[in-house]
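Remarks on the structure that follows.
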Amino acid sequence: EKGGFKHFMAKEIAEQPVVLADALTHYLPEGTINLPETLDFRGLDRLTLVACGTAFYACSVAKYWFESLAGLPCEIDVASEFRYREPPLPHNSFAIFVSQSGETADTLAALRYCTDKVAKIVSVVNVATSSIARESDVALPILAGIEVGVASTKAFTCQLLTLAVMALKAGRDRGHLSDEDFAAHVAALKTLPGLMNAALSGAPRIAKLAEQIAEAQDILFLGRGVMYPLALEGALKLKEISYIHAEGYASGELKHGPIALIDRTVPVIVLAPHDRLFDKTVSNMQEVMARHGKVLLISDARGIAAAGEGAWESLTMPEVAEPFAPILYALPAQLLAYHTAIAKGTDVDQPRNLAKSVTVE
Ligand code: F6R
């Protein structure tokens, strides 16, 4: 059932171009968006997105999308905090729950807290028959197929795609996106499977880098804007399966504390496509390099050229439309975690202390 791969995780990473293409065919058939008409974002004051772990990082990326593409303010929270906080919720809002399994206890409890308090409970799930799907007004499938590896990979990118399509619908419903921009974003999403295939071809290079990353005790991941949640996800993936201590930070936060950790033993993985904020990230990178930190820059050819000398290593990614870069850059982050774990000889599919579905709090 591993289809010739050594681990489910490797299989599930490799499947992403195919499952994402399936999800695109489902949600963005020629010329339209296939989402329920009742999912109408007009007149809403707010969205609340709640989840755990990797699914929470998908919500964190989606916040940038809903705010920038649809002008819709978003609150995000981890379910274990949200459920006991008794947060006030405007009735004129949707609460969105993201869960691969659809059975996560904290996420389900957070959903139940919102029932009757908001206009609609929406879930984004992989398991269509799950409790979270059943208790929602609208349950949107991410269409990733069964995910077996404990570390979530293809579910994350499919969650992101589903949320991106929702943000585009919200942008159109609310008159925030011009027809032209809308069409450009749809076209950009449709290029992702091809770009993912190109990104996967970097795996042998990543495996080589991972041999050195595996020596580290501490690793930092940096990102800005939509790439900040991806830095958090990259760090989570790495710590889950390789047991190396890793932390993700917003690049601009570096000088507010974590820079104290930097020395020549600390790899700093910078997730930075050549976007609007790139120059700022380069100056953060230079601060790391001045303290002899080992920078691994993951960017596109333009970014790598613009960053100049001084990085320990760089990894060239295809160019991708700015808002959707996290969907593509998830792949090198996953591959880096996977190959680092392989280099350390840890159990990739069954990491210690972790379960695939966390049905107790
Ligand atoms: C990370 C991971 C976990 C889950 C989290 C939520 O690789 O798998 O962080 O993302 O436990 O699980 P679901 O999505 O099933 O609610």
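One-based numbering, in listed order, for ligands and for the atoms of each. Because only heavy atoms are used, hydrogens play no part in the values below, and waters and symmetry mates are left out as well, while side chains stay in.
- Ligand 1 has an N or O atom lying under 3.5 Å from an N or O atom of T104, backbone or side chain.
- Counting heavy-atom neighbours within 6.0 Å of I146 CD1, excluding the residue itself, gives a total of 12 or less.
- A donor-acceptor contact under 3.5 angstrom links the side chains of D218 and H245, judged on distance only.
- Atom 5 (C) of ligand 1 has as its closest protein heavy atom C52 O, 3.6 Å.
- The protein atom (non-hydrogen) at minimum distance from atom 14 (O) of ligand 1 is Q100 N, 2.6 Å.
- Closest to atom 2 (C) of ligand 1, if we only count protein heavy atoms, is E240 OE2, 3.6 Å.
- For ligand 1, the polar-atom distance check against S99 finds a nitrogen or oxygen pair separated by under 3.5 Å.
- At a heavy-atom cutoff of 4.0 Å, ligand 1 is contacted by no atom of E103, backbone or side chain.
- At a 4.0 Å heavy-atom cut-off, ligand 1 touches K237 through the side chain alone.
- Closest to atom 3 (C) of ligand 1, if we only count protein heavy atoms, is T54 N, 4.1 Å.
- Less than 4.0 angstrom separates some heavy atom of S152 from each of these atoms of ligand 1: 7 (O), 8 (O).
- A donor-acceptor pair shorter than 3.5 Å cannot be found between the side chains of T54 and S152.
- Under a 4.0 Å heavy-atom criterion, S357 is not in contact with ligand 1.
- Close approach of ligand 1 to G53 (heavy-atom distance below 4.0 Å) involves ligand atoms 9 (O).
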From CA spacing to verdict: side-chain contact (heavy atoms from CB on, under 4.5 Å), E103, V358: CA-CA 7 Å; E103 302 296 346; V358 185; over 6 Å; no

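- In this structure, Y249 has its ring center at least 6.0 angstrom away from the ring center of H256.
- Nearest-heavy-atom check against atom 11 (O) of ligand 1 across V358, V124, D106 picks out V358.
- Within the listing of ligand 1, atoms 10 (O), 14 (O) sit less than 4.0 angstrom from a heavy atom of A55.
- Between the side chains of T265 and Q217, no donor-acceptor pair is found at a separation under 3.5 Å.
- Annotation: atom 15 (O) of ligand 1 to nearest protein heavy atom, S101 OG, 2.7 Å.
- Contact atoms of ligand 1 toward A151: 7 (O) (distance under 4.0 Å to a heavy atom of the residue).
- A chain of hydrophobic side-chain contacts below 4.5 Å, direct or via other Ile, Leu, Val, Met, Phe, Trp or Tyr residues, connects L328 to I269.
- Counting non-hydrogen atoms of other residues, nucleotides and ligands closer than 6.0 Å to NZ of K190 gives a total above 12.
- Classification of the F41-F66 ring pair by plane angle, with boundaries at 30° and 60°, yields tilted.
- Paired with V165 under the rule side chain to side chain contact (heavy atoms under 4.5 Å, CB included), one option of L24, L35, L160 passes, and it is L35.
- Ligand 1 has V150 within reach: a non-hydrogen atom of the residue lies less than 4.0 Å from it.
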